[in-house]
Each structure stands twice: as C-alpha cells, then as structure tokens.
Amino acid sequence: MRVVVVNNFDSMSDEVAKLVIAQIRRKPASVLGLATGSTPLGVYRLLGEYHKNGEDFSRLLTFNLDEYVGLPGDHPQSYRYYMEENFFSKVGIDRTRTHIPNGVASDLEAECRRYDELIRSTGGIDLQLLGIGSNAHIGFNEPGTPFGSETQVVDLAASTISDNARFFASLEEVPTKAISMGIKSIMQAKSIVLMANGGSKADAVLAAVKGPVTPDVPASVLQLHPSVTIVVDQAAASRL
Ligand code: F6R
C-alpha cells in the first residue's frame, strides 16, 4: 500500500487525476471503476480540463461503485445524474460505455448479478477509484460486510444516511438502501486508488491503513491488495 500525503483537496485531486491520465495513456481502452460523493469532484473537474486540452476518453469503459435503490437516473440525487453532471458530459464519452447499477430495476437481485457479469465480461476493472466513508465503508459496503461479497443490495448505515443528508432536502429523503459493488468485486480491480480529505476521515484512514484487517473496517481489506495507492490530504492523514 503506497500512501501519498498532500497538502489539501486541490493537490489530492491533482495527484489522483494524474494517476487516471497515466492509466488512460498506458491503455486508452481502460476499464475504470468510479466513485461519487464530494471527494472525487475535483478529480472529475480536472479530467474535464484534460479533455478540453485534447485527452481522449472515448475508448474507456466505466463502472460506478453504487447507486441508491429507488432513485431513477434523472433524479438529481441519483449517482447516474451526478456522473452525468460532473464527468460524463465533460469528457465526451458515449453513454453506452458507462455503467451504473440500476436502482429502479424490477428485479434488484438480477440487476446485481448482471452488473458483476458485465464487469467480468470486460476482463475486469483496470483502475478503481474509491472514496472512504467516515465509518471506513468503501462503495456502500458498511462495517460488517463479508470480504467475499459481490454486488448486492445493502442497507445504508445510520451514519452514512446522516453523512449523505447534506445532498437531500431532509434526512427522511435519503434512501436507506443502495446497490453496491461488493468487497470482492472491488478487490478484483487490477489497481486501486483511494482518496480522502478532511479531518472527518482521519480515524477511518488510520484504521484502514494501520489497523487490523477486519470486516468491521471495510477499507482495511485494501491492505491485502497488491496495488493500492492512498492519496490523502494532511487533515485526513493527521492520525497516521
Ligand atoms: C460513492 C461511494 C462512497 C463514498 C464515501 C465518501 O460512490 O461509494 O463510498 O466514496 O461515502 O463520500 P464523500 O466523498 O462524499 O465523503
């Protein structure tokens, strides 16, 4: 596990965007695993800048980590909408090359199986971007999720619901379930970049990087992966 500590959000975003660009230049038809939330917003903005300056994103395939159950893709708080707004529309990628679990599928279990099979059929994710929850979740794999889990419907932890309430008009509007790529699905990526900023992530980063490897700390599983880079700002690294 390589840990890179940088000054602030902007330098974290810059560092991670450079890692993504290096991956795309090495392999223009890379399969990228993508995250949503506040942490990657700077990365997506910078990747949009790279595209304006001529970088070609057209051969990528993308798979997002998760989607809320019950929110259609045109709902402003859905992760499909977020990706459209913050990334897909900025880098000129054909939407048929972008994949996000369908949170309104009539058969959610079948949707989970379809998603894992689709990832497998591409040969697997080359580079997976991750944020980390204040409870050390990755994707929406909350503490206690078995390391062998594949894509599944999950109940969001109370702390995740309150962390994410900032995006909704009220706590009651935050969905309580999501489809999330599983820990096993994430660990099958060939390389992983986890990013974190801000003091609210310091305990989670400490437990993930230096604590015991345990399902109680989902991100600690990354200690077992052969190619992980953790890019954290000083506040998130303050307890390391
Ligand atoms: C998002 C995801 C989550 C977030 C995490 C941190 O697709 O899978 O694990 O990365 O909840 O969220 P932010 O970045 O909003 O602090």
Side-chain angles (χ1 to χ4, degrees), residues 8-10 12-13 16-17 32-45 62-69 71 73 75-88 98-103 112 115 119 125 127-145 149-168 174-187 189 192-205 207-208 215 217-222 228 230-233 235-237:
N8 53 31
F9 178 80
D10 287 345
M12 176 195 76
S13 306
V16 174
L32 295 188
L34 300 176
T36 58
S38 303
T39 315
L41 282 173
V43 176
Y44 293 140
R45 189 182 52 72
T62 70
F63 286 90
N64 267 75
L65 283 164
D66 36 28
E67 179 60 282
Y68 287 119
V69 166
L71 298 193
H75 188 288
Q77 261 65 48
S78 74
Y79 287 162
R80 164 61 70 183
Y81 192 95
Y82 167 107
M83 291 307 297
E84 186 58 37
E85 286 281 294
N86 295 299
F87 187 55
F88 301 149
T98 68
H99 304 282
I100 301 182
N102 177 4
C112 295
Y115 204 67
I119 295 174
I125 290 171
L127 175 64
Q128 175 68 56
L129 294 186
L130 295 176
I132 183 170
S134 55
N135 64 0
H137 71 207
I138 48 175
F140 275 138
N141 296 291
E142 303 287 21
T145 307
S149 61
E150 297 199 306
T151 300
Q152 59 181 342
V153 177
V154 298
D155 291 315
L156 299 180
S159 64
T160 300
I161 293 173
S162 66
D163 282 352
N164 288 359
R166 67 190 191 281
F167 299 112
F168 292 83
V174 187
T176 57
K177 288 180 187 294
I179 294 180
S180 176
M181 269 170 66
I183 304 259
K184 183 175 164 196
S185 320
I186 292 171
M187 287 292 279
I192 297 177
V193 174
L194 180 142
M195 59 192 129
N197 70 287
S200 66
K201 301 292 175 70
D203 287 338
V205 168
V217 179
S220 68
V221 74
L222 300 176
V228 174
I230 312 253
V231 184
V232 278
D233 77 347

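Values reported hereafter were calculated over all heavy atoms of this structure, with side chains retained and with hydrogens, waters and symmetry mates removed. Every number for a ligand or one of its atoms is a count from 1 in the order of the listing. The shown structure was predicted, so the numbers you read here are calculated from the model rather than taken from an experiment.
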Subject >> Verdict with reasoning, His99 to Thr62, per side chain to side chain donor-acceptor pair (under 3.5 Å) >> reply: CA-CA 6 Å; His99 304 282; Thr62 70; over 6 Å; no
Original post:
Can we call the ring centroids of Tyr82 and Phe167 under 6.0 Å apart?
Top reply: no
Original post:
Is the Phe168 to Tyr68 ring centre distance short of 6.0 Å?
Top reply: yes
Subject >> Donor-acceptor under 3.5 Å (Asp233 side chain, Gly198 main chain) >> reply: yes
Original post:
Judged by atom type as modelled, is there a donor-acceptor pair below 3.5 Å linking the side chain of Glu142 to the main-chain atoms of Ala157?
Top reply: yes
**OP:** Heavy-atom cut-off of under 4.0 Å around ligand 1: list whichever protein residues fall inside it, by chain and number.
**Re:** Ala35, Thr36, Gly37, Ser38, Thr39, Leu65, Asp66, Gly131, Ile132, Gly133, His137, Gly139, Arg166, Lys201
Original post:
How long is the gap from CD1 on Ile161 to CG on Asp155, to the nearest 0.5 Å?
Top reply: 8.5 Å
